[in-house]
Protein chains: 2
Amino acid sequence: MADRPRATRRATIYDVAARAGVSKSLVSLVLQNSPKVSAERRQAVEAAMVELDYRPSRAATALAGSRSRTIGVVIDDFRNLWFVDLLDGLREVLGPAGLTLTVADLAGESASSEADPGRAVIDGFVASAVDALVVACEPTPALLRPQGFPVVVAGNRSATPPDAAVVSSDDSAGAEIAVRHLLDLGHRRIAHLTGGGGASALRLAAYERVLHDVGLTPHVASGFGRTNEPDGYEAARRILREAPDTTALFAGNDTMALGALAAIREAGLDVPAGMSLMGFDNSPIADARILRLTTVDSENREVGRRAAQTVVDRLAGARVHRRQLVSPRLVLRDSTAPPRG
Amino acid sequence: MADRPRATRRATIYDVAARAGVSKSLVSLVLQNSPKVSAERRQAVEAAMVELDYRPSRAATALAGSRSRTIGVVIDDFRNLWFVDLLDGLREVLGPAGLTLTVADLAGESASSEADPGRAVIDGFVASAVDALVVACEPTPALLRPQGFPVVVAGNRSATPPDAAVVSSDDSAGAEIAVRHLLDLGHRRIAHLTGGGGASALRLAAYERVLHDVGLTPHVASGFGRTNEPDGYEAARRILREAPDTTALFAGNDTMALGALAAIREAGLDVPAGMSLMGFDNSPIADARILRLTTVDSENREVGRRAAQTVVDRLAGARVHRRQLVSPRLVLRDSTAPPRG
DNA sequence: CTGAAAGCGCTTACAG
DNA sequence: CTGAAAGCGCTTACAG
C-alpha cells in the first residue's frame with residue numbers, strides 16, 4: 001500500500017503532530033530547526049514525517065512566515081555554460097542553510113516583455129517572494145530597480161544595482177596571468193579578441209596594461225559586439241588579415257577561442273605550432289580534444305560559494321563586504337607554445 | 001516617488017479593490033481571467049494593478065486554490081544543451097496558458113540524496129505543489145514513482161512512469177534519414193558511434209535495420225557508456241583502428257561527433273574529404289565553424305510545444321495521446337561528402 | 001513544551 | 001456583480 005498513488009490528501013503538520021503525539025506548534029518548531037526542541041521529541045516528529053511521507057507546503061510556509069526560503073538566480077542564457085559552476089557553488093552553501101534556489105534566464109522571456117527586458121523575470125521572483133536575488137548576467141534596467149530584497153551580483157558587470165554586493169572573479173588578474181603566460185613563452189606579437197560586457201572590458205584593459213608595461217603594442221579586434229563563437233571567428237580573421245605576423249591570440253573567452261580556431265585553420269596555421277591560442281573561463285568546451293585549450297579558470301564555483309555566503313549573511317542581518325574578488329588560475333593544456341620561426 | 005524602494009508593504013487584492021472601487025471578489029475574478037467580468041470593470045482593475053505595481057502572491061494563490069499554476073521540468077544536466085529548445089517550446093505554450101515553468105537538474109542534487117537520485121528534485125516539486133511534471137531526462141526510480149500529479153515524458157527514454165504521456169522526436173526516423181543521406185552520397189562503409197539511454201538505443205536499432213535492408217554490414221562502437229565528447233573520441237578511435245576502410249561515421253549525437261572529429265584528425269584524415277561525419281541533435285556546437293556538422297534536428301522546440309499542450313490538456317481533464325512522435329529533419333552543413341578514393 | 005488564536009493573501013462557494 | 005465567510009497549511013506570539 002505504501003506505493004498507492006497519493007490521490008489521498010497530503011499530510012499536514014496536524015497529521016504529523018497527531019502521529020508523533022505532540023502539539024502542532026512543536027512540529028512547526030522542528031521544521032524551523034529550533035534549538036528549543038528536545039532530541040527525543042525531535043526524533044519522534046521526524047519519524048512521523050518519514051512515515052507519512054510528509055513534505056511541508058512551500059506555499060503555506062511562504063505565506064505564513066515572512067520568508068519563502070528561496071533565492072532567485074538570473075542568468076543570461078542557458079546556452080552560455082558560464083553559470084554551471086557558479087550554480088554548483090551557490091547550492092553548496094545555500095542547501096545546508098535551508099535555502100532553495102530557483103533559476104530564470106533572460107533569454108527565455110516572453111516576447112511581450114521586450115520593452116523592459118528582465119521585467120518578467122523580476123515579476124516572477126516578486127510573485128514567488130524570493131528572499132534574495134543573485135544576478136549572474138549583465139543587469140537590465142528592470143534588474144537594477146530596487147525590489148525590497150537583497151541583491152548579490154555575481155561576476156564583473158558594467159552596471160550594478162544600488163546596495164548590491166558584488167562577488168566576482170578577478171578578471172584583471174586573470175587576463176594578466178594569460179598575457180604573462182604568452183610573454184613567458186616568448187611571444188611578442190600578442191593580439192586580443194574582445195567582446196561586450198563588464199568582464200570583457202576588464203580583461204581588455206589588463207591586456208593593454210601588461211603589454212604597455214613591457215613596451216609592446218596591443219592589437220585588439222572584436223566581432224559583432226558579443227562574445228560568441230561567430231564573434232571569435234570574425235575577430236580572429238581581422239587580426240590575421242591586419243597583422244599576419246601575430247603569433248598568439250588571446251580570446252576574451254573560450255567560446256570566442258573556438259571561433260578563432262576555425263579562422264586560424266583557414267589561414268593555414270596549426271595550433272599551437274603556427275599560432276598560440278588562449279581562452280578564458282575554462283568552460284566545458286575548453287577540454288574537448290579538438291581544442292585542448294589553455295585557458296584561465298575563473299573559479300566560478302568559489303564565486304558561487306562566496307555569493308551564497310553573502311546572501312546568507314545579509315539575510316541574517318550581518319554586514320557584508322560590498323566587493324569580493326576571487327583569484328583565477330591558469331589552466332595549461334595544449335594550445336599554447338613558443339612562437340613559430 | 002514611484003521609484004521609492006518598496007520597503008513598504010506589497011499591494012494586495014484589498015488595495016487593488018479599494019483603488020478600483022470594486023469588491024475584492026471581483027479582483028479575484030479578474031486574476032483568474034473569468035469571462036463573467038465586464039470589460040470596463042476589468043480595465044479599471046487592471047489599471048489599479050499597474051498603478052499599485054501589484055503582483056499576486058504565488059504563495060497565497062497556490063495555498064488558496066488547489067493549483068500552483070507552475071509546472072516542474074527535470075533535466076539531466078545543464079551542460080547538455082539538449083533541453084534548451086525544448087524549454088523554449090514549453091514556454092511558448094505554457095506562458096499564454098498562464099502557467100509558469102520551474103526547472104531542476106538531476107546533476108545539481110545534493111550529495112545526501114545519492115542513495116535515491118531524483119528524490120530531492122521530486123521533494124522540491126511536491127513542496128512547491130507543481131500542477132504537473134515534465135521529465136526531460138532518463139527517469140530515476142524516484143521519478144518513476146507516482147506522486148499524484150500528471151507526468152509528461154519528453155524524449156525517448158528507457159523507462160516511463162505509469163500513466164505518463166510521452167512526447168518525443170522520432171529517433172528511428174531520424175537515424176534512418178541520417179543513414180540514407182550517407183548512402184545517397186555513395187558510402188558503403190558506414191560506422192555508428194553509440195551511447196547510453198533510450199534515444200541512443202533507437203538510433204542504433206534504426207541504423208542497423210537500414211544497413212541490413214540494403215545488404216551492408218553494420219559496424220558499431222561505443223566509448224564509456226555515455227554520450228559525451230570523450231565517448232565520441234574513444235568510439236571513433238576504435239572504429240578507425242578496427243576498420244580503417246570506413247568512409248563515414250554516424251555519431252549518436254553532436255557532442256560525440258565533436259569527439260570523433262578529434263580522432264579523425266589524429267588519424268590524418270580531413271572532414272569531409274577523407275571521412276564524412278554525421279551528428280544528431282543540431283545542438284549549438286554543430287553550427288560552430290570548426291565543425292559545420294551535418295546533423296539531424298530533433299525539432300525539440302516542437303516536442304516542447306506538444307508536451308506543453310499535453311500538460312494543458314491533462315490539467316483540463318481532457319483525454320490525451322499516450323504517445324506522440326515529432327518528425328525530425330536533416331540539416332545539411334559541410335561535414336559530409338561522397339566517399340574518398 | 002502545550003494549546004488556543006490570529007493572520008499571511010488569496011480562492012471558493014453562496015446569499016443577495 | 002457585491003459582501004461576508006470559511007479555508008488552504010503553515011508561522012508567530014502568548015498565556016499557561
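Residue numbers start from 1 in every chain, and the chains themselves are labelled A, B, ... in the order their sequence lines are given, proteins ahead of strands.
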Enquirer: Quickly work out the A:L29 CG to D:dA13 C1' distance and round it to whole Å.
Expert: 12 Å

Enquirer: Remember a base hit wins even if backbone is also touched, and classify A:R67 as base, sugar-phosphate or nothing at under 4.0 Å, heavy atoms.
Expert: sugar-phosphate

Enquirer: In whole angstrom, give the distance that lies between atom CZ of B:R58 and atom C1' of D:dG9.
Expert: 19 Å

Enquirer: Find the distance A:R10:CZ to D:dC10:C1' and express it as a whole number of Å.
Expert: 11 Å

Enquirer: If each of A:V22 and B:T61 is mapped to the nucleotide of DNA chain C with the nearest heavy atom, which maps nearer the 5' terminus, i.e. the 5' end?
Expert: A:V22

Enquirer: Given that both pair distances must be under 3.5 Å and the pair must be Watson-Crick or G-U, what runs of three or more consecutive pairs involve DNA chain C?
Expert: C:1-3 with D:14-16, C:5-12 with D:5-12, C:14-16 with D:1-3

Enquirer: Heavy-atom nearest nucleotide on DNA chain D for B:K24 versus B:G21: which residue maps closer to 5'?
Expert: B:G21

Enquirer: Let me know the distance between CZ of A:R69 and P of D:dG9, rounded to the nearest Å.
Expert: 22 Å

Enquirer: Reckon A:Y14 has a side-chain N or O less than 4.0 Å from the OP1 or OP2 of D:dG7?
Expert: no

Enquirer: Decide yes or no, distance alone: a donor-acceptor N/O pair under 3.5 angstrom between the base of D:dG3 and the side-chain of B:S25.
Expert: yes

Enquirer: Under 30°, 30 to 60°, or over 60°: which ring-plane class applies to B:F78 and A:F83, parallel, tilted or perpendicular?
Expert: perpendicular

Enquirer: Within this structure, what is the CG-to-P distance between A:L63 and C:dC8, rounded to whole angstrom?
Expert: 9 Å

Enquirer: Looking only at side chains, do B:Q324 and B:S168 share a donor and an acceptor under 3.5 Å apart?
Expert: no

Enquirer: For the pair A:R314 (side chain) and A:R319 (backbone), establish whether a donor and an acceptor sit closer than 3.5 Å, ignoring hydrogens and angles.
Expert: no

Enquirer: Touch check for B:I13, heavy atoms < 4.0 angstrom, all strands: base, sugar-phosphate only, or nothing?
Expert: base

Enquirer: Hey, does B:S28 reach any base, or is it just sugar-phosphate, or nothing, if we go heavy atoms under 4.0 Å?
Expert: base

Enquirer: List the atom of A:I13, the atom of A:V27, and the distance in Å for their closest heavy-atom pair.
Expert: CG2-CG1, 3.5 Å

Enquirer: Report the nucleotide, chosen from D:dT2, C:dG9, C:dT11, that has the shortest atom-to-atom distance to any side-chain atom of B:L26.
Expert: D:dT2

Enquirer: Figure out the CZ/P separation between B:R41 and D:dT2, and round it to whole Å.
Expert: 5 Å

Enquirer: So does A:A136 get a backbone contact from the side chain of A:D76, meaning a donor-acceptor N/O pair under 3.5 Å?
Expert: no

Enquirer: Hey, does the side chain of A:S23 come within less than 4.0 Å of C:dT2's phosphate (OP1/OP2), counting only N and O?
Expert: yes

Enquirer: Taking the side chain of A:A64 as heavy atoms from C-beta outward, which of D:dG3, D:dG7, C:dG7 is closest to it?
Expert: C:dG7

Enquirer: Please report the distance, rounded to the nearest Å, between CZ in B:R55 and P in C:dC10.
Expert: 12 Å

Enquirer: Would you tell me if any nitrogen or oxygen in the side chain of A:Q32 comes within less than 4.0 Å of OP1 or OP2 on D:dT12?
Expert: yes

Enquirer: Would you mind telling me which of B:L31, B:N33, B:L26 makes a side-chain contact (heavy atoms from CB on, under 4.5 Å) with B:L29?
Expert: B:L26

Enquirer: If you take all heavy atoms of A:S68 and A:V130, which pair is closest and at what distance?
Expert: OG-CA, 3.6 Å

